[in-house]
Amino acid sequence: MFPRYIRLESQGEELWNASDETEVFRLAREAMGEITEMLRREVITRTPVGASGNLRGSIFPTIRGDIPGELRGVVASRVPYARYVEFGRRPGGGMPPWREGSSLYRWVVRNLESLDGDFESVAFLVARAIARRGSRGRRMFERALEENQSWIEGRIGQLMEEIARRIGG
């Protein structure tokens, strides 16, 4: 997005002073906040509801870095199964958690039927099918970024124009 370090010079004289640098950082952080919040909303719209909506509710934006050239916007989730929803799962390996209390169990109760009310057996069968066949990833984070890349680049262009206007006079 930005080069790692930004230093604007003209004829050996620095173009901005410390107060300008503070203003540049404020503008850059504001733009990054807009970008990450927009991406958070876009990811949420692409995220399946699941059994509880916990995954959607866990998606958050954050900004890291102390200077404009090192700002990093992150949109993420702390839910352990988010990576499986995003990237899917290969066939083979162990079964996902399926007993009562697990996310898979809650999904089964919400979405499937059990003739005798034995949802744990149904959850076991679903978990076994996932382990054997794998699952396809939803790519909600990846698609949100790809589909909004031009908007992000436009916002960064606006930021650069604003910085040039304020610093350049």
Side-chain angles (χ1 to χ4, degrees), residues 1-5 25-159:
M1 204 169 335
F2 293 107
R4 186 160 174 87
Y5 298 100
F25 182 71
R26 187 189 69 72
L27 291 170
R29 191 165 175 80
E30 181 181 298
M32 186 65 75
E34 290 174 22
I35 291 167
T36 56
E37 181 56 33
M38 180 276 300
L39 285 172
R40 182 192 70 83
R41 288 189 308 267
E42 291 292 319
V43 169
I44 287 171
T45 63
R46 291 165 173 77
T47 301
V49 176
S52 64
N54 287 344
L55 180 56
R56 280 185 170 190
S58 74
I59 296 168
F60 66 95
T62 188
I63 301 170
R64 299 178 182 152
D66 297 330
I67 62 174
E70 292 183 356
L71 278 180
R72 301 290 180 262
V74 177
V75 178
S77 171
R78 287 193 178 94
V79 174
Y81 57 87
R83 70 174 180 247
Y84 299 112
V85 177
E86 174 71 8
F87 300 112
R89 182 183 164 123
R90 291 186 186 145
M95 295 191 326
W98 52 271
R99 295 198 184 274
E100 188 171 353
S102 70
S103 298
L104 179 62
Y105 182 89
R106 288 191 303 273
W107 181 86
V108 166
V109 169
R110 182 176 176 189
N111 294 294
L112 301 178
E113 294 180 17
S114 173
L115 296 177
D116 59 359
D118 184 13
F119 289 105
E120 195 165 288
S121 294
V122 176
F124 169 82
L125 294 172
V126 171
R128 187 175 67 184
I130 291 170
R132 287 181 178 173
R133 299 181 200 152
S135 64
R136 192 172 37 178
R138 299 298 290 262
R139 303 283 185 184
M140 60 271 188
F141 289 90
E142 180 182 310
R143 286 184 19 234
L145 180 60
E146 285 176 358
E147 293 172 13
N148 290 285
Q149 194 66 43
S150 63
W151 183 89
I152 294 168
E153 290 170 3
R155 182 61 184 96
I156 292 170
Q158 290 173 352
L159 169 64

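None of the values given here were measured: they were computed from a predicted structure.
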Could you check if a side-chain atom of [X] sits within less than 4.5 angstrom of a side-chain atom of [Y], using non-hydrogen atoms only?
X	Y	result
M95	L104	no
V122	Y105	no
I156	I35	yes
V108	W98	no

Taking atom [atom1] of [X] and atom [atom2] of [Y], what is their separation to the nearest 0.5 Å?
X	Y	atom1	atom2	result
R78	F60	CZ	CZ	4.0 Å
L71	F25	CG	CZ	5.0 Å
E42	N148	CD	CG	4.5 Å
R56	T47	CZ	OG1	6.5 Å
F87	R139	CZ	CZ	6.0 Å
I44	L55	CD1	CG	9.5 Å

Identify the two heavy atoms, one from [X] and one from [Y], that lie closest to each other, and give their separation to 0.1 Å.
X	Y	answer
P96	A127	CD-O, 3.6 Å
V75	T36	CG2-O, 3.6 Å
A31	L159	CB-CD2, 4.1 Å
R40	P61	CD-CD, 3.2 Å
A144	V43	CB-CG2, 3.6 Å
E34	W151	O-CH2, 4.2 Å

(request) Inspect the contact between E86 and R83 and indicate whether a charged nitrogen and a carboxylate oxygen are less than 4.0 angstrom apart. (result) no
(request) Inspect the contact between E147 and R46 and indicate whether a charged nitrogen and a carboxylate oxygen are less than 4.0 angstrom apart. (result) yes
(message) Quick one: does any side-chain atom of R64 pair with a main-chain N or O of V74 as donor and acceptor, under 3.5 Å?
(response) no
(request) Give a yes or no on this: more than 12 heavy atoms of other residues, nucleotides or ligands lie within 6.0 Å of atom OH of Y81. (result) yes
(request) Return yes when atom CZ of R155 has more than 12 non-hydrogen atoms of other residues, nucleotides or ligands closer than 6.0 Å, and no otherwise. (result) yes
(message) Determine whether R143 and E146 satisfy the following criterion, salt bridge (Lys or Arg N to Asp or Glu O under 4.0 Å), listing intermediate values before the conclusion.
(response) CA-CA 5 Å; R143 286 184 19 234; E146 285 176 358; over 6 Å; no
(request) Only pairs at least two apart or in different chains count here, so list each salt bridge (Lys or Arg N to Asp or Glu O under 4.0 Å) that has a residue in residues 95-117. (result) R99-E120
(request) Take V79 and V85, measure what side chain to side chain contact (heavy atoms under 4.5 Å, CB included) needs, and give me the verdict at the end. (result) CA-CA 10 Å; V79 174; V85 177; over 6 Å; no
